[in-house]
Amino acid sequence: EDQVTQSPEALRLQEGESSSLNCSYTVSGLRGLFWYRQDPGKGPEFLFTLYSAGEEKEKERLKATLTKKESFLHITAPKPEDSATYLCAVREYGNKLVFGAGTILRVKS
Amino acid sequence: GAGVSQSPSNKVTEKGKDVELRCDPISGHTALYWYRQSLGQGLEFLIYFQGNSAPDKSGLPSDRFSAERTGGSVSTLTIQRTQQEDSAVYLCATGMPNEKLFFGSGTQLSVL
C-alpha cells in the first residue's frame, strides 16, 4: 500500500529563516507527486507537480525537488503569509491521490 | 463556475439521521474525488469518479456511505444513519484525468 510520510509535523520559523519540509513516499510506480497548501477553513490549493527524479519547480519563495524516494519543499526567506499547512500527495497507477498528514508551518514576524 | 462549489458549507445533524453533501465541479472536469479530513489529520480518500462511473470506491468506510454522479457533473455523497465518528470536513476535488486537482472549501459535518 502507498505510504506518504511528511516531516516535521509542525515547524515554527522566524521571518526570513529558510528551511525545508520533507515528504517521503513508497509507491510501485510514481505518476506524479503533488504539493498543496491549505489555509484554515479552506480546501487545499495546488502548488506543484513533479514527475521524475531530479525535477525541480519554483514559485516565489517556494522550490520543490524530487528524488526516487522523497521530495523537499524548500522555503526561502519565508514571510508570515506563508503560514499554512503544506500537504504532499502521490499518484501511482490508477487515479487516486494519496495524501500525507501535512506539515503545519508558522512564520513569525 | 469559477471553482469547485460544495454545499452546504456547514451541516449539524443528530446521530442516526441521513445527510447529503453536494459537489458542483468546475465545468468540463471529468474526474471527481471525495476526501474526508478529520481534525488535524490528512486527507482520507473516499471515492473517485470518471464521468458518471466510480472505478475506485475503495475508501468508503462502510455501507452507510454512498455517492453518485449524474450527467458527468454534480455529485452527491450520502451518509446514512450518521454516527459521531462521521464528524469531519468532507472535501470534493475535480480535474482532468492524470492532472492536478482543484478542491472546494468543503462541508464541515458535525454529528451530535
Side-chain angles (χ1 to χ4, degrees), chain A residues 1-11 21-25 27 29-52 55 57 59 64 66 71 84-106, chain B residues 1-10 21 23-26 29-51 53-60 69 88-110:
Chain A
E1 185 171 314
D2 298 344
Q3 289 279 343
V4 182
T5 304
Q6 293 188 244
S7 63
E9 292 184 6
L11 182 62
L21 312 183
N22 178 263
C23 172
S24 62
Y25 62 91
V27 295
L30 184 69
R31 294 178 64 202
L33 184 141
F34 300 78
W35 282 98
Y36 282 84
R37 168 192 172 128
Q38 186 174 26
D39 292 296
K42 295 188 177 181
E45 176 186 349
F46 173 78
L47 293 173
F48 303 109
T49 309
L50 302 166
Y51 289 101
S52 55
E55 190 175 359
K57 288 191 177 174
K59 179 181 178 181
L66 181 65
S71 177
T85 297
Y86 290 85
L87 297 166
C88 168
V90 298
R91 173 183 283 147
E92 63 159 17
Y93 296 112
N95 284 288
K96 182 169 63 177
L97 278 189
V98 178
F99 281 82
T103 293
I104 301 170
L105 175 66
R106 292 290 176 260
Chain B
V4 179
S5 178
Q6 291 189 246
S7 59
S9 56
N10 282 282
L21 313 180
C23 174
D24 283 89
I26 293 172
H29 281 184
T30 59
L32 186 147
Y33 297 72
W34 285 98
Y35 284 86
R36 179 168 70 174
Q37 188 172 32
S38 301
L39 189 63
Q41 302 297 310
L43 275 66
E44 176 190 5
F45 170 81
L46 298 179
I47 188 169
Y48 158 67
F49 287 93
Q50 178 55 42
S53 301
D56 189 345
K57 52 180 76 172
S58 62
L60 294 177
R69 189 178 185 194
V89 175
Y90 289 81
L91 290 162
C92 175
T94 72
M96 298 307 290
N98 301 318
E99 295 185 6
K100 64 187 178 187
L101 296 183
F102 295 83
F103 282 82
S105 293
T107 294
Q108 173 72 64
L109 176 65
S110 301

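Just the heavy atoms: all of them, side chains too, but no hydrogens, waters or symmetry mates, feed the values below. Chain A is the first sequence line, chain B the second, and so forth, proteins listed ahead of strands; every chain is numbered from 1.
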Exercise. Relative to chain B, which of A:Q6, A:R31, A:E9 shows the most heavy atom pairs under 4.5 Å?
Worked result: A:R31
Exercise. With a 4.5 Å heavy-atom cut-off, do A:L97 and B:Y35 have their side chains touching?
Worked result: yes
Exercise. Can you list the residues that meet the ring-ring contact (aromatic ring centres under 6.0 Å, His included) rule with A:F34, with sequence neighbours excluded?
Worked result: none
Problem set entry | Residues forming a ring-ring contact (aromatic ring centres under 6.0 Å, His included) with B:F102, sequence neighbours excluded | B:H29
For this session: Below 4.5 Å from any heavy atom of chain B, which atoms of A:F48 appear? Answer side chain, backbone, both or neither.
Result: neither
For this session: Output the distance between atom CZ (B:F103) and atom NZ (A:K42), rounded to the nearest 0.5 Å.
Result: 15.5 Å
Seminar exercise, completed: Under 4.5 Å to a heavy atom of chain A? For B:N98 that would be both
Problem set entry | Intermediate values then yes/no, side-chain contact (heavy atoms from CB on, under 4.5 Å), A:K96 and B:Y48 | CA-CA 7 Å; A:K96 182 169 63 177; B:Y48 158 67; over 6 Å; no
For this session: Go through the atoms of B:S9 and report whether side chain, backbone, both or neither lie under 4.5 Å from a heavy atom of chain A.
Result: neither
Exercise. Rounded to the nearest 0.5 Å, how far apart are CZ of A:F99 and CD of B:Q37?
Worked result: 9.0 Å
Seminar exercise, completed: On a heavy-atom basis, the closest approach of A:R91 and B:E99 is NH2-O, 3.3 Å
Problem set entry | Region of A:Q38 in contact with chain B, defined by heavy-atom distances below 4.5 Å | side chain
Problem set entry | Under 4.5 Å from a heavy atom of chain A, the part of B:L43 involved | both
For this session: Identify the two heavy atoms, one from A:Y36 and one from B:K100, that lie closest to each other, and give their separation to 0.1 Å.
Result: OH-C, 4.1 Å
For this session: Could you tell me which non-hydrogen atom of B:L91 sits nearest to which non-hydrogen atom of A:G43, and how far apart they are?
Result: CD2-CA, 4.0 Å
